[in-house]
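Bear in mind the structure is a predicted one, so any value in this text is a computation, not a measurement. Letters go in sequence order (proteins before strands), and every chain restarts at 1.
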There are 2 protein chains.
Amino acid sequence: MDEARVRERLLEAATELAAAQGFETCGLREIAARAHVSPAMVAYYFGDREGLGEAIYRRAFERVSERVRALIEAPEFARRDGLEELVRIYVAAMTADPWLPKLVAGEILAHGASPFRSRLARDLVRGPMMAMIRWLEEEQRQGRLRPEIDVRWMAISISSLCVFPFMILPIVGDELGLSFGSDFTEELVSHAQDFLAHGLRARSEDLT
Amino acid sequence: MDEARVRERLLEAATELAAAQGFETCGLREIAARAHVSPAMVAYYFGDREGLGEAIYRRAFERVSERVRALIEAPEFARRDGLEELVRIYVAAMTADPWLPKLVAGEILAHGASPFRSRLARDLVRGPMMAMIRWLEEEQRQGRLRPEIDVRWMAISISSLCVFPFMILPIVGDELGLSFGSDFTEELVSHAQDFLAHGLRARSEDLT
DNA sequence: GCAGGAATCGAACGAGCGTTTAATTTCCCG
DNA sequence: CGGGAAATTAAACGCTCGTTCGATTCCTGC
């Protein structure tokens with residue numbers, strides 16, 4: 001088996017299956033068959049089944065956190081429309097790998113299933129959200145966000161608008177005439193930006 | 001075993017476990033033990049394991065669709081602030097049973113795992129969303145919603161704001177100082193209403 | 001009070017799981 | 001080219017799963 005490292009092929013097969021049906025429900029033999037490899041290779045490279053699961057979720061976590069770190073450190077954050085950039089990069093992080101949204105959803109759902117999964121779900125969700133909250137607080141302090149709104153709920157709402165659409169798209173997408181792809185991502189970004197801007201941003205004029 | 005019907009106790013135990021860790025990952029013996037009943041009772045009342053799963057998810061689906069039907073037929077919909085009422089009842093539907101949010105999340109994630117689960121996930125998500133879209137179209141036609149926004153994205157955003165917070169609350173709740181309960185629900189409703197009203201509603205005055 | 005069907009149980013079965021092991025192949029280096 | 005370590009495999013093991021089955025208990029109507 002020379003065309004690619006066995007370890008990498010196992011990770012890829014396991015990731016695809018975990019994204020399609022959840023890691024818990026797919027067997028070692030199924031993963032190994034998809035990677036054209038013996039099931040014993042899982043023990044050889046990852047110790048045991050849980051080691052393989054930890055590896056694929058850790059990789060997913062690192063990809064997300066790496067992109068969210070770019071989100072935080074990007075120079076666009078200092079600009080006036082930082083909120084728009086936040087949404088754009090947040091969505092871009094979700095679409096960087098086609099299987100990431102369902103993987104994140106699985107991790108959210110698996111929270112509590114095992115100590116390892118709980119810890120990973122926490123890392124996967126808490127890190128980006130806490131960073132976002134800190135950024136929102138600063139924006140609010142500078143008067144660019146409506147002062148009366150709790151930043152925690154701002155962060156929850158932003159996350160909801162950026163993540164949840166990916167989770168329900170496979171179910172309602174064909175009925176709505178929407179499907180994965182750059183079109184969907186761009187529409188999501190622009191609509192989320194629109195909602196958030198008109199809902200969150202401090203305005204000099206109108207309304208209480 | 002007289003204090004409650006065995007069938008009902010099995011349904012309850014399976015629902016709690018499915019909400020806590022997903023139906024796929026909990027065994028029949030575990031469910032039966034929690035219901036203080038022999039595993040053979042599952043076969044007796046539900047035929048097989050999948051029959052039990054179908055029963056609990058069907059019941060969840062019926063509870064949701066029943067409450068969303070109330071949402072559609074409620075007299076409040078004819079009022080000026082129908083959007084606020086929609087959010088309130090949508091969230092109320094999610095909180096009617098404490099295990100419903102995770103059950104819905106699991107169903108979303110399980111879409112594609114099996115023909116039965118795909119069909120149920122579709123029923124669970126499509127029905128309420130299509131009804132919501134039809135209602136939003138009517139609202140938009142009557143000039144109460146900004147005319148330039150795609151109603152499909154309105155529905156996606158409303159669903160996101162009303163459902164996703166329940167999914168991440170177990171993970172980030174303690175760090176944010178938020179926890180399940182009537183307080184959380186009320187805050188969620190009021191914030192979602194605020195965001196949607198200022199983001200979606202047509203205004204006579206300001207901005208392009 | 002008893003007969004008979006419904007309800008319930010504990011035990012056993014076969015299948016599939018993750019894992020281990022011994023054997024084989026592959027590869028690299030002296 | 002040959003030897004030893006690394007890589008890979010097929011087969012087997014023990015375990016747990018969902019399911020089945022015969023026996024037992026619990027109702028209920030006569």
inquiry  = B:Arg134: which residues meet the salt bridge (Lys or Arg N to Asp or Glu O under 4.0 Å) condition with it, sequence neighbours left out?
reply    = none

query = At what angle, to 10 degrees, do the two end axes of the helix from C:dG1-D:dC30 to C:dC28-D:dG3 meet, given five pairs define each axis?
reply = 10°

message = On a heavy-atom basis, which atom in B:Ser179 and which in B:Leu169 lie closest, and how many Å separate them?
response = C-CD2, 3.9 Å

Taking N or O atoms only and anything under 3.5 Å, show me the protein contacts with nucleotides 5-7 of chain C, one pair per line.
from  : atom 1 : to      : atom 2 : distance (Å)
C:dA7 : OP2    : B:Tyr44 : OH     : 2.6
C:dA7 : O5'    : B:Tyr44 : OH     : 3.4

task = Let me know the distance between NE2 of B:His36 and P of C:dC9, rounded to the nearest Å.
result = 11 Å

task = Just jot down the ring pair (Phe, Tyr, Trp, His ring centres under 6.0 Å) partners of A:Phe184, sequence neighbours excluded, or say none.
result = A:Phe166, B:Trp153

request  = Check whether NZ of the Lys or CZ of the Arg A:Arg7 lies under 6.0 Å from the centre of the six-membered ring of A:Tyr44 and within 45 degrees of that ring's axis.
outcome  = no

All side-chain hydrogen bond (donor to acceptor under 3.5 Å, both in side chains) counterparts of B:Asp48, not counting sequence neighbours = none

task = Applying side-chain contact (heavy atoms from CB on, under 4.5 Å) between B:Arg126 and each of A:Asp174, A:Leu176, A:Ile168, report the one that passes.
result = A:Asp174

task = Scan nucleotides 15-22 of chain C nucleotide by nucleotide, 5' to 3', and note B when protein non-hydrogen atoms come under 4.0 Å of the base, S if they reach only the sugar-phosphate, - if neither.
result = --BBBB--

ask   = So, are A:Arg59 and A:Glu8 salt-bridged, with charged N and O less than 4.0 Å apart?
value = yes

task = Could you tell me whether A:Glu138 and A:Arg141 make a salt bridge, using a distance below 4.0 angstrom between a side-chain N and a carboxylate O?
result = yes

inquiry  = Could you walk me through whether B:Arg146 and A:Asp194 satisfy the salt bridge (charged side-chain N to carboxylate O under 4.0 Å, His left out) test, starting with their C-alpha distance in whole Å, then the side-chain angles of each, then the deciding distance to 0.1 Å, before giving a yes or no?
reply    = CA-CA 12 Å; B:Arg146 285 166 56 193; A:Asp194 186 38; 3.0 Å; yes

message = When you measure from the side chain of B:Gln140 to the backbone of B:Glu148, do you find a donor-acceptor pair of N or O atoms at a distance under 3.5 Å?
response = no

